[in-house]
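For ligands, and for the atoms within them, numbers begin at 1 and follow the listed sequence. Predicted, not measured: the structure shown is a model, and the values here were computed from it.
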Amino acid sequence: MKKNSNLIELVNIETVYEGERLPVIYDVNLKVEPGEFISIIGPNGAGKTTLLETINGLLTYSKGKGFVFGKEIKKHKSEIRKEIGYVIQNFEMDPLAPFLCKDIVMSGRTGKIGTFRFARKKDWDKVWYSMGLVGMIDFANRPIGKLSGGEFQKILLSRALAQNPKLLLLDEPFSNLDYASRKQVETLLNRIHEKNNITILIVSHDLNFVPSRCKRIIVLEHGKIIMDGSREKILKSEIINSIFNGNGGKI
Ligand SMILES: Nc1ncnc2c1ncn2[C@@H]1O[C@H](COP(=O)(O)OP(=O)(O)OP(=O)(O)O)[C@@H](O)[C@H]1O
Ligand SMILES: [Mg+2]
């Protein structure tokens with residue numbers, strides 16, 4: 001166990017995809033304290049998804065050192081991942097997949113239940129609680145392929161919450177949502193952050209939907225963190241204006 005209070009600590013991290021020569025993210029230094037709510041923004045291809053997947057150990061960094069919950073990521077990947085709720089970008093489901101919403105949410109408990117074991121009452125209690133948090137209890141027995149984009153996004157969030165994570169990594173949770181659904185998910189994230197003792201990192205393309213409880217913004221460009229600071233400071237900065245290029249807060 002490393003002796004410090006950071007929930008995430010990345011030191012000079014560099015990640016290269018297998019078979020590639022050049023790193024996709026490099027010189028990444030990041031410290032996140034427990035309970036922070038951070039937005040990560042940057043243009044397409046900047047390395048936002050790569051950064052999230054380096055943090056949860058799905059990708060292995062080629063240089064530097066990374067710690068999550070005080071444990072070195074490389075050595076404790078699966079242990080760390082059990083405590084991280086990850087909602088991947090553009091997750092698609094076969095519309096004919098024979099799963100009900102409650103089953104998808106329960107699949108978030110797999111790491112906690114363990115292989116070759118069955119879900120118990122406490123697992124179902126957690127599923128109902130998480131579906132309740134996102135207002136989707138009434139959809140429990142609906143086939144997963146029969147949801148709107150916003151409803152599906154809420155089920156994915158609920159699945160991540162059912163895991164009872166210490167850290168929530170959300171990759172573009174607002175994409176494919178209309179204005180009303182974006183607002184709903186934004187409100188929901190604020191509520192989850194307020195009620196649960198949880199740290200949230202959210203990748204977003206739309207500065208109009210930085211949840212109000214998110215006080216820190218990180219800007220990634222060409223694989224590097226080019227800005228890291230308070231919401232007010234970043235949103236006012238020239239660099240942000242040039243990246244967003246007067247595009248109404250959207251990249
Ligand atoms: N499996 C892979 N193998 C090789 N290169 C990859 C792989 N996945 C992503 N990349 C490249 O890494 C770079 C960063 O990709 P990444 O998905 O992290 O960007 P991003 O900031 O999440 O972009 P977006 O906003 O489009 O989601 C891109 O140039 C991408 O083409
Ligand atoms: Mg991405």
Side-chain angles (χ1 to χ4, degrees), residues 8 10-30 32 37-64 66 68 73-74 77 80-81 84-93 149-150 152-154 156-157 159-160 165 167-178 181-182 185-186 189 199-211 214 216-229 231 234-235 237 239-251:
I8 300 174
L10 305 182
V11 185
N12 296 326
I13 287 286
E14 175 174 306
T15 302
V16 186
Y17 279 101
E18 217 176 299
E20 297 292 321
R21 204 166 46 84
L22 296 174
V24 168
I25 53 171
Y26 63 101
D27 287 347
V28 173
N29 287 288
L30 178 67
V32 177
F37 191 163
I38 301 177
S39 279
I40 301 170
I41 61 165
N44 287 130
K48 304 180 296 295
T49 299
T50 307
L51 176 61
L52 291 192
E53 299 205 339
T54 301
I55 291 171
N56 72 13
L58 282 174
L59 292 172
T60 308
Y61 44 91
S62 39
K63 266 195 195 159
V68 175
I73 304 171
K74 266 186 192 169
K77 279 181 210 175
I80 286 171
R81 225 173 290 146
I84 300 181
Y86 179 37
V87 176
I88 68 167
Q89 183 176 10
N90 295 328
F91 185 80
E92 278 181 22
M93 199 80 203
F152 184 55
Q153 198 67 48
K154 286 186 220 166
L156 292 183
L157 195 54
R159 176 182 184 274
L167 171 63
L168 206 48
L169 302 178
L170 309 172
D171 201 349
E172 310 263 6
F174 300 126
S175 59
N176 305 321
L177 300 187
D178 61 21
S181 304
R182 282 179 181 216
V185 173
E186 187 190 353
L189 291 177
T199 309
I200 307 181
L201 263 62
I202 173 176
V203 167
S204 178
H205 259 156
D206 193 337
L207 284 181
N208 297 310
F209 288 94
V210 176
C214 167
R216 179 176 167 196
I217 297 180
I218 290 170
V219 186
L220 262 182
E221 204 182 19
H222 303 307
K224 260 189 103 143
I225 293 180
I226 57 162
M227 290 190 89
D228 179 353
R231 173 198 186 98
I234 303 281
L235 292 182
S237 74
I239 294 179
I240 287 297
N241 282 328
S242 69
I243 291 178
F244 286 84
N245 207 16
N247 196 23
K250 295 191 175 105
I251 294 182

Can you tell me the protein heavy atom closest to atom 25 (O) of ligand 1 and the distance?
Lys48 NZ, 2.7 Å
Residue, atom and distance of the protein heavy atom nearest atom 24 (P) of ligand 1 read Asn44 ND2, 3.5 Å
Are Asp228 and Arg216 close enough for a salt bridge, meaning some N to O gap below 4.0 Å?
yes
What residue and heavy atom of the protein are closest to atom 27 (O) of ligand 1, and at what distance?
Gln89 NE2, 2.8 Å
At a 4.0 Å threshold, what atoms of ligand 1 neighbour a non-hydrogen atom of Thr50?
14 (C), 15 (O), 16 (P), 18 (O)
Mind checking whether Gly42 has a heavy atom under 4.0 Å from ligand 1?
no
How large, to 10°, is the angle at the Mg ion (ligand 2) when you draw lines to OG1 on Thr49 and to OE1 on Gln89?
90°
From CZ (Phe37) to CG (Leu168), nearest 0.5 Å
8.5 Å
For Lys154 and Ser181, test the side chains for any donor-to-acceptor distance below 3.5 angstrom and give the result as yes or no.
no
Please say whether Ala46 places an N or O atom under 3.5 Å from an N or O atom belonging to ligand 1.
yes
To the closest 0.5 Å, what do you measure between CD1 (Ile200) and CG (Leu169)?
10.0 Å
Between the CD1 atom in Ile218 and the CD1 atom in Ile226, the distance rounded to the nearest 0.5 Å is 12.0 Å
Quick one: do the Asn29 and Asn12 side chains pair a donor with an acceptor below 3.5 Å?
yes
CG (Leu30) and CG (Leu10) are apart, to the nearest 0.5 Å, by 5.0 Å
For Val24, which part has a heavy atom under 4.0 Å from ligand 1: side chain, backbone, both, or neither?
side chain
Measure from atom 31 (O) of ligand 1 to the protein's non-hydrogen atoms and state whether any distance is below 4.0 Å.
no
Can you pull out the closest protein heavy atom to atom 8 (N) of ligand 1? Residue, atom name and distance to 0.1 Å, please.
Tyr17 CZ, 3.3 Å
Closest candidate by heavy atom, reference atom 19 (O) of ligand 1, pool Gly47, Pro23, Gly223
Gly47
Tell me which part of Glu18 gets within contact of ligand 1: side chain, backbone, both or neither, using heavy atoms under 4.0 Å.
neither
Among protein heavy atoms, which sits nearest to atom 17 (O) of ligand 1, and what does the distance come to when rounded to 0.1 Å?
Thr49 CB, 3.7 Å
For the atom pair CD1 (Ile225) and CD1 (Ile40), what is the distance rounded to the nearest 0.5 Å?
7.5 Å
Looking only at protein heavy atoms, what sits closest to atom 23 (O) of ligand 1 is Gly45 N, 2.8 Å
Interatomic distance, CG@Leu59 vs CD1@Ile13, rounded to 0.5 Å, equals 11.5 Å
